[in-house]
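Beneath this line is the structure, given in structure tokens, with notes to follow.
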Number of protein chains: 2
Amino acid sequence: MVKISDVARHAGVSPSTVSYVLSGKRSISDQTRRRVMDSIRALGYRPHAGARALASNRSNVIALVVPLRSGIHVPIVMQMVIAAVTSARSYDHDVLLLTQDEGVGGLERVAGSSLVDAILVMDVEMHDVRLPVLRSLDRPSVLIGFPADPTGLTCVDWDFEAAGAACAEYLADLGHSEIALIGAPPAVYERGTGFAERTKAGFQRAAAERGVHAVVRPCDPDHAREAADELLRDHPNVTGIAVHNEPAVEHLLSAFRATGRRIPDDLSFIAIAPDDLAERLDLTSISIPAEELGRQAVALLMEKLDGHQPPGSTLLPSRLVLRSSTPAA
Amino acid sequence: MVKISDVARHAGVSPSTVSYVLSGKRSISDQTRRRVMDSIRALGYRPHAGARALASNRSNVIALVVPLRSGIHVPIVMQMVIAAVTSARSYDHDVLLLTQDEGVGGLERVAGSSLVDAILVMDVEMHDVRLPVLRSLDRPSVLIGFPADPTGLTCVDWDFEAAGAACAEYLADLGHSEIALIGAPPAVYERGTGFAERTKAGFQRAAAERGVHAVVRPCDPDHAREAADELLRDHPNVTGIAVHNEPAVEHLLSAFRATGRRIPDDLSFIAIAPDDLAERLDLTSISIPAEELGRQAVALLMEKLDGHQPPGSTLLPSRLVLRSSTPAA
DNA sequence: GGCATTCGTCGAAGCGCTTCGACAATTTTC
DNA sequence: GAAAATTGTCGAAGCGCTTCGACGAATGCC
């Protein structure tokens, strides 16, 4: 193994000088810098991560806690994970993966042993058991999703309230007077996950403001057909539909078509879903960019690592993308 | 921060004794062990990961390289990742996530800097550019998937050849004399990914052995209906179908039904797919257990870290699960 | 032109742990 | 019952790096 002292000898400088060349924490003459860099390349030197972590008290690794649960669309999670890793790399950090089931103990472990400098938690619940630890830990953290009480935490999520509202507003704009939101599986609501409630709230508020009648239904993806049938049976005059349930979108679509209704002629259909899905099915959608959320979360984490204090809550705007499941304006 | 010397003082022993209690590398009297453990708990001591890595030359972290590409079913990847992390934890290791696009440089970086002790690579291609590095690196690695030349490498994968053969055999058993395999998207074949070819080879070999006529078609999930129609147009007498293409399964199913054929009465349908998908659609399937593959890969890696020499190639058997897309025997 | 800064580099200390050799005390062996 | 082996513990060295204070040399300032 080639170490910093080897590089120093080869370049004719002291080890500390090599270190300063690498970190840029003190000024170094151009000539020296060049010589050192050449030696580094010539010898193939790589700083030892552990030694670095020990001496500098920084591991340059962040923890990413991924959810295991059902009810969240796996491809979205994966996209966010990939985006987070890619983004972390651009800040010269690596990502240590933890699963939800490591729980509080896992967080204490990786933080307490200085394995990681900071923690990114995906899929936070309203009354998440990890909140107290995250507040008391000596390392910064960022949560993806909003708990009931975000005091003292940094949280980021899509603006589902706005997404729900945008659906209702656009459906109202299109002239529908009775509209429906088909949301997450019942289990997600029961668990008190914030995002489902927020979409619902936005949808209902905007509908009320526009004076259109709104109904909201949960939907288990395995029983999408039944959900669609029941909705139209109970509310036969619904003509505008918003769906916030990725795995069910496709089934709902064919279920509605199977009732003889044409889309967009008889029924307007908006999906709250990632672009790739909406694009594939050619659906008007509120896009929820997974990559951007992952990137943004890492950016906030890096802010905190740099000693700054980013806003406690960040809501990522989603935008309406018109495709062919709603009538041309 | 509480360190090993604090624990030592509190327990009235030397730091090395504390270390040996923790590592078990030397015998320690029961009494001392108990006192030390009590002190550790009392003080909330956690060994510093960096210091440990520096002194012991082991980080207790493994790298996991995940694919970014299309053509592989995301939920399967996710399941394997989760299984790998969970499994690694059971060996007291953590997992550092790398993306495919870090490429050769990424492997050299994490290995060279001693950030990780070993590397797990998912989704290896036939002529993967990373093969030479993996062979020459000073840390052990395990590949999920088989390259063209696995010499000097440890590889593990599902036994797709056997899976393909099992499909053909069971369809022959059911009395079908003309059968088809609908495989991965064309891009996957073009890329020369091993698994697609191996399924095909097994299917064709077994069909030939049983004297039934076999056709094999690639399939882009976005054009499943066309694929189904073309197949039945070109080969109207096909009555047994195997599908090895998770995202397309559902579409293919409805496409075949849309031609007026009933499943299983007119058409036998076998999916090579993970259990949850096959279960949901109630399909007879060759199950490919993602978790087990992740676990097995980590187990092999740990073998190597312990200085053992596991077999160079491991094929995980898949089994036929009868459900209702084939006629009852 | 003298004094205060800034620049560029070095040496040494120290980060928190593991591990090796040493050694007294105990146990085993013939 | 003396010699040999084993057990349980300690002290010190060292893993490879960063960082702090020091200091000579170059530069800025009025």
Side-chain angles (χ1 to χ4, degrees), chain A residues 1-37 39-40 43-61 92 109-117 138 305, chain B residues 1-37 39-40 43-61 92 109-117 138 305:
Chain A
M1 176 183 209
V2 29
K3 29 201 210 183
I4 201 169
S5 55
D6 300 326
V7 176
R9 197 171 320 115
H10 187 271
V13 300
S14 76
S16 53
T17 300
V18 176
S19 177
Y20 286 124
V21 166
L22 252 19
S23 71
K25 293 192 178 171
R26 284 202 181 169
S27 50
I28 295 285
S29 73
D30 264 23
Q31 208 205 31
T32 305
R33 187 200 324 287
R34 234 188 316 273
R35 264 217 324 284
V36 168
M37 292 308 284
S39 298
I40 287 178
L43 301 180
Y45 168 67
R46 308 239 180 217
H48 187 287
R52 218 168 218 205
L54 178 56
S56 68
N57 205 20
R58 280 298 192 100
S59 66
N60 272 34
V61 174
D92 195 28
R109 184 177 62 84
V110 296
S113 65
S114 297
L115 228 191
V116 305
D117 296 334
D138 59 335
L305 276 176
Chain B
M1 174 185 212
V2 28
K3 31 201 206 183
I4 201 168
S5 54
D6 300 326
V7 175
R9 197 171 322 113
H10 188 272
V13 299
S14 77
S16 53
T17 300
V18 176
S19 178
Y20 285 123
V21 166
L22 251 20
S23 71
K25 291 191 179 172
R26 284 200 181 170
S27 50
I28 295 283
S29 71
D30 265 23
Q31 206 206 33
T32 304
R33 187 199 326 285
R34 231 187 319 274
R35 263 218 324 282
V36 169
M37 292 308 287
S39 298
I40 288 178
L43 302 179
Y45 169 66
R46 307 238 181 220
H48 187 287
R52 214 167 221 204
L54 178 56
S56 69
N57 205 22
R58 280 297 192 98
S59 65
N60 273 33
V61 174
D92 196 27
R109 183 176 62 83
V110 296
S113 64
S114 297
L115 228 192
V116 306
D117 296 333
D138 60 334
L305 276 175

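A note on names: the letters A, B, ... follow the listed sequences, proteins ahead of strands, and every chain is numbered from 1.
Within 4.0 Å (heavy atoms only), B/Ser16 reaches at least one base atom of the nucleic acid. Within the nucleic acid shown, A/Ser56 comes within 4.0 Å of sugar-phosphate atoms alone, with no base atom in reach, counting heavy atoms only. Heavy atoms of B/Thr32 sit under 4.0 angstrom from primed sugar atoms or phosphate atoms, though from no base atom. Heavy atoms of A/Ser29 sit under 4.0 angstrom from primed sugar atoms or phosphate atoms, though from no base atom. Residue contacts shown for A/Ile28 are limited to sugar-phosphate atoms, with no base heavy atom under 4.0 Å away.
If you measure from atom NE2 of B/His48 to atom C1' of D/dT18, you get 13 Å, rounded to the nearest angstrom. Here C/dC10 presents its P atom at 12 Å from CD1 of A/Ile4, a figure rounded to the nearest Å. For the pair B/Lys3 NZ and C/dC17 C1', the computed distance is 11 Å after rounding to whole Å. Between A/Asp6 atom CG and D/dC15 atom C1' the separation is 14 Å, expressed in whole Å. Between A/Arg34 atom CZ and C/dG8 atom C1' the separation is 15 Å, expressed in whole Å. Between the CE atom of A/Met1 and the P atom of D/dG14 there is a distance of 18 Å, given to the nearest Å. Counting to the nearest Å, the P atom of D/dC15 and the CG atom of B/Asn57 are 11 Å from each other. Spacing between atom CG of A/Leu22 and atom C1' of D/dG16 amounts to 13 Å, rounded to whole angstrom units.
The side chain of A/Ser27 approaches C/dG8 more closely than any other nucleotide in the set D/dT19, D/dC10, C/dG8. Side chain of A/Ser19, nearest nucleotide from D/dT19, D/dC20, C/dC7: D/dT19. The side chain of B/Val13 lies closest to D/dC10 when the candidates are D/dT18, D/dC10, D/dT19. If you check D/dC15, D/dA22, C/dC15 against the side chain of A/Leu54, the one that comes closest is C/dC15.
The closest side-chain heavy-atom distance from B/Ser5 to B/Arg9 is below 4.5 Å. Considering only heavy atoms from C-beta on, A/Leu22 comes within 4.5 Å of A/Ile40 through its side chain.
Between the base of C/dC17 and the side chain of B/Tyr20 there is no donor-acceptor pair shorter than 3.5 Å. Taking only distance into account, the side chain of B/Arg52 never meets the base of D/dG16 through a donor-acceptor pair shorter than 3.5 Å. No donor-acceptor contact under 3.5 Å links the side chain of B/Arg35 to the base of D/dG8.
Checked for salt-bridge contact, B/Asp6 and B/Lys3 miss the test: no charged N lies under 4.0 Å from a carboxylate O. Here B/Asp30 pairs with B/Arg33 in a salt bridge; the nearest charged N to carboxylate O distance falls below 4.0 Å.
A/Thr17 and A/Ser14 form a side-chain donor-acceptor contact under 3.5 Å, judged by distance and modelled atom types alone.
One finds a side-chain N or O of A/Lys25 lying less than 4.0 angstrom from the OP1 or OP2 phosphate oxygen of D/dT19. The phosphate of C/dC10 has OP1 or OP2 within less than 4.0 Å of a side-chain N or O from A/Ser14.
Side-chain atoms of B/Asp92 do not come within 3.5 Å of backbone N or O of B/Asn60 as any donor-acceptor pair.
Residue whose closest nucleotide on DNA chain D sits further toward the 5' end, between A/Val2 and B/Asp30: B/Asp30.
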